[in-house]
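These notes concern the structure reproduced below.
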Amino acid sequence: MDRLLIVSNRLPLTVQERKGELHVEPSVGGLATGLSSWYKSCNSMWIGWAGITPKKMKREKDIMDRLLSENCHPVSISQQDIDAYYNGICNRTIWPLFHYFPLYAQYSEDDWQAYRRVNTAFANVVAGIARPNDVIWVHDYHLMLLPRLLRERLPKATVGFFLHIPFPSFEIFRLLPSREEVLEGLLGADLVGFHTYDYTGHFLDSVHRLLGYDSAMGQVVVSGRTLRADAFPMGISHEHFSGAVGDVKTQAERRRMRKKLGDCRVVLSVDRLDYTKGIPERLEAYSEVLSRNPKYRGNVIFVLLVVPSRTRVEHYVRLKSQLDGLVGEINGRHGTIGWMPIWYLYRSLPFHSLTALYSLADVALITPLRDGMNLVAKEYVTTRTDGKGVLILSETAGAAQEMGEAIMINASNQEEIIRALEQALEMPEQEQVRRNTIMQKRLRRYNVVRWADEFMDRLAHTKKLQRDLAEKALTAEMQRRLVNDFRDSDKSLLLLDYDGTLVSFSPRPEESRPGARLKGLLKKLAADPRNEVVLISGRDKRTLERRFGSLKVALVAEHGVWVRKKGGQWETIDILSGDWKEQIHPMLDLWVDRTPGSFIEEKDFSLVWHYRKADARLGELRARELINSLTSAIAGLNLQVLEGSKVVEVKNAGINKGRAALQWIAGVDWSFIMAMGDDTTDEDTFRVLPATAWSIRVGVGASAARFNISSPGDAISLLTGMASGR
Ligand code: GDG
């Protein structure tokens with residue numbers, strides 16, 4: 001890797017104007033804090049907005065020099081565009097929608113144009129800086145169009161994207177007016193990362209439903225390029241927080257705070273001011289705990305640290321006054337002359353004050369209604385190096401998936417928060433240490449550097465996969481050689497699969513009919529006495545007969561159950577029985593009932609469950625369940641379960657396309673053999689071919705075939721080239 005270019009809305013350094021003077025300060029936020037030391041260590045550059053307008057920046061050359069000396073490259077954005085892009089689309093549209101607050105989401109076409117403009121400005125800056133071997137890592141919801149814009153400018157670039165907020169379920173995402181553009185934007189990346197598998201699944205589901213791209217094991221093929229979506233839960237800088245406890249400044253701050261707090265126990269929460277964080281709900285629960293438990297009055301204090309944020313967006317302004325009122329009311333209701341139940345800090349604290357608070361807090365009450373990850377939960381547990389303290393965490397924070405030892409709550413259920421607070425305040429120290437030790441071990445191992453390294457490894461791996469597939473690609477040069485070999489041959493065997501190879505898939509199998517061009521092509525190839533054309537399919541024999549019976553081709557139906565040699569009759573290669581179908585059919589019926597859109601196809605000696613039309617995720621899940629159930633159901637029945645492209649098929653054991661293909665291959669001296677196929681059932685054909693044969697897999701994926709082409713369209717072009725001019 002040459003260099004790493006990190007691209008995010010904000011740089012890790014922010015330029016702020018105070019009393020007419022510009023100052024450079026570290027940006028607050030998980031990404032900036034977590035990656036600031038890592039990115040310096042790996043020859044990288046950070047590209048982003050510096051927080052002020054280009055005009056002001058130009059005035060102060062030394063500010064620009066300072067940023068560049070820290071490897072920060074600012075992107076110029078006009079004030080007007082910042083308002084429309086940042087306060088508009090980012091914070092009024094995407095943020096509420098992706099956090100499941102659709103009623104808060106507003107959309108304006110003008111703002112969307114600004115979002116496009118800003119993403120384009122970023123693309124131009126990055127494209128101007130990037131060198132051929134650089135790795136570009138784009139971050140977050142502000143820049144979701146950027147991967148595609150970069151792909152257009154730098155087709156070969158290595159581009160990763162990470163989303164720090166949740167990716168919502170399809171039912172929510174579909175509400176976004178420019179949803180297709182967002183998905184296409186993200187698919188420009190080679191690797192799209194999320195905090196959790198749920199978010200990854202939601203993304204792939206939307207890609208399937210809105211753009212029609214299937215995925216397998218997180219891989220999607222877009223215009224012949226394979227990309228991946230995967231989960232990478234972000235960690236924190238472990239040493240930064242665990243080391244802070246011994247820091248002199250933190251210790252002094254801790255002593256100062258302890259003096260003010262007296263013997264009171266501390267419940268702490270730390271958030272940006274945001275309606276997604278569930279702050280009013282948690283205050284009300286705390287108030288109720290005080291009402292129900294007089295013993296806590298006077299000896300528990302809730303330190304509520306709220307960092308000002310998005311003060312120009314109306315929902316934030318409203319929330320601020322709601323909080324002010326609520327804190328006043330609770331303090332008024334429960335407080336006494338010497339005791340205030342809530343310490344309300346509405347500002348950002350310096351790092352040593354934050355870590356002093358973490359190390360003091362007996363309970364961290366982290367109850368977002370939705371949160372991509374929530375690093376505060378991880379920071380708190382890491383900072384409590386003595387192992388004490390209790391974390392209460394809502395299950396709708398991404399962090400919940402890795403912090404199962406916390407007290408887990410549903411943030412919308414006040415009673416659960418109340419009970420969790422009571423449990424936390426009563427938890428024996430031994431139990432606190434037991435829970436925290438497990439989480440601390442995990443947080444130490446999976447820290448922010450590991451997160452970044454794993455993302456980079458996976459990105460490199462995806463690029464390697466693309467290269468491997470490209471190496472197998474049937475290039476124009478190889479195609480010429482294939483066609484020449486074929487033309488020189490006086491005894492050629494063509495083994496051709498049908499669905500997915502010569503025609504694209506349709507939702508219903510009966511709709512995939514061969515067009516006049518394909519039929520003409522097969523007719524021409526088959527009419528030449530030097531050729532033997534075998535259509536080797538999973539289809540039933542009646543369908544093959546109807547579609548190709550008039551041509552001089554050989555037919556193999558049901559993956560080799562039936563064979564019809566050129567000019568001959570249908571024959572089975574074994575004595576087969578279909579009696580077992582009575583037993584298996586009811587099982588498949590059950591799966592049809594449980595999976596809307598799926599259906600059963602019955603062939604002479606096999607039963608097929610099709611799920612191409614079903615919801616993609618449900619289909620995959622049900623297919624796995626069906627395979628498991630079938631595997632035990634067929635024990636002792638001499639049957640096999642085959643998995644094809646969106647189908648699960650049960651048939652007699654020992655039958656496969658490879659075995660059928662051997663009937664042509666064995667004992668004949670062919671001077672040219674070609675086989676084409678697209679799914680796992682065709683792999684059996686590829687495996688029985690001699691090493692010199694032209695084996696071609698249609699579509700991307702691991703295969704025993706020597707070559708790869710993208711689509712049925714390419715297969716037809718190849719056959720056309722072979723058929724012409726011989
Ligand atoms: C996005 C996602 C995801 C907070 N108050 C102070 C302060 N902080 C620091 C904390 C922590 C960070 O801000 C907030 O953590 P979040 O996890 O909420 O991160 P964000 O960057 O705001 O949000 C979120 C995250 O990205 C990472 O992917 O977890 O779900 O919304 O690091 O320590 N720092 C200082 N003073 C404060 O008063 N110094």
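As the structure lists them, so they are numbered: ligands from 1, and atoms in each ligand from 1. Every heavy atom of this structure was used, including side-chain atoms; hydrogens, water molecules and symmetry mates were not.
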Residue Ser348 vicinity, atoms of ligand 1 by number, heavy atom under 4.0 Å: 36 (N), 37 (C), 38 (O)
Would you list the atom pairs, donor with acceptor, under 3.5 Å between side chains in residues 68-75 and any protein atom, with sequence neighbours excluded?
from	atom 1	to	atom 2	distance (Å)
Ser69	OG	Arg66	O	2.7
Asn71	ND2	Ser44	O	3.0

Ile165, any N or O under 3.5 Å of ligand 1 N or O: no
Record the part of Leu354 in heavy-atom contact with ligand 1 below 4.0 Å; permitted values are side chain, backbone, both and neither. side chain
Would a distance-only check, ignoring hydrogens and angles, find a side-chain to backbone donor-acceptor pair under 3.5 Å from Gln432 to Met427? yes
Short list, please: which atoms of ligand 1 are under 4.0 Å from a heavy atom of Val270? 4 (C), 5 (N)
Salt bridge present between Glu454 and Arg450 (N-O < 4.0 angstrom): yes
When you measure from atom 38 (O) of ligand 1 to each heavy atom in Asp271, Leu349, Asp140, which option holds the nearest one? Leu349
Taking non-hydrogen atoms only, is Met234 closer than 4.0 angstrom to ligand 1 via side chain, backbone, both or neither? side chain
Tell me the contacting part of Leu305 for ligand 1: side chain, backbone, both, or neither, using a 4.0 Å heavy-atom threshold, strictly below. side chain
May I ask you to list the atoms of ligand 1 that are less than 4.0 angstrom from any heavy atom of Glu379? 10 (C), 11 (C), 32 (O), 33 (O)
Run the side-chain hydrogen bond (donor to acceptor under 3.5 Å, both in side chains) test on Tyr107 and Ser178 for me, step by step, so that the C-alpha distance in whole Å, both residues' side-chain angles and the decisive distance to 0.1 Å come before the verdict. CA-CA 10 Å; Tyr107 180 85; Ser178 316; 2.7 Å; yes
Can you confirm whether or not the ring centre of His240 sits under 6.0 Å from the ring centre of Phe351? yes
Verify the distance criterion only: is there a donor paired with an acceptor across the side chains of Ser269 and Arg282 at less than 3.5 Å? yes
Taking non-hydrogen atoms only, is Ile236 closer than 4.0 angstrom to ligand 1 via side chain, backbone, both or neither? neither
Counting from 1 in the order shown, the ligand 1 atoms closer than 4.0 Å to a non-hydrogen atom of Met373 are 3 (C), 24 (C), 29 (O), 30 (O)
Numbered in order shown, the ligand 1 atoms found under 4.0 Å of a heavy atom of Val307 are 5 (N), 6 (C), 38 (O)
Drop me the distance from Ile366's CD1 to Leu391's CG, to the nearest 0.5 angstrom. 6.0 Å
Is there a heavy atom in Lys277 that sits closer than 4.0 Å to ligand 1? yes
Report the member of Thr355, Thr383, Val376 with the shortest heavy-atom distance to atom 14 (C) of ligand 1. Val376
Less than 4.0 Å between a side-chain N and a carboxylate O, is that true for Arg265 and Asp362? no
Nearest to atom 17 (O) of ligand 1 by heavy atom, Leu345, Leu375, Asp274: which? Leu375
Nitrogen or oxygen atoms of His99 and ligand 1 under 3.5 Å apart: no
Enumerate the atoms of ligand 1 whose separation from the nearest heavy atom of Gly372 is less than 4.0 angstrom. 30 (O)
Within the 6.0 Å centroid threshold, strictly below: Phe162 and Trp451: yes
Using the ring centroid of each side chain, check whether Tyr141 and Phe98 are separated by less than 6.0 Å. no
Residue pair Val192, Val220: steps toward the side-chain contact (heavy atoms from CB on, under 4.5 Å) verdict: CA-CA 11 Å; Val192 186; Val220 186; over 6 Å; no
List every atom of ligand 1 that sits less than 4.0 Å from any heavy atom of Asp371, numbering the atoms from 1 in the order shown and giving each element. 24 (C), 30 (O), 31 (O)
Any nitrogen or oxygen of Arg347, side chain or backbone, less than 3.5 Å from one on ligand 1? no
Return a yes/no value for Trp95: is any of its N or O atoms, backbone included, closer than 3.5 angstrom to an N or O of ligand 1? no
Could you please spell out the steps behind the salt bridge (Lys or Arg N to Asp or Glu O under 4.0 Å) verdict for Lys249 and Asp247? CA-CA 6 Å; Lys249 269 169 107 181; Asp247 180 74; over 6 Å; no
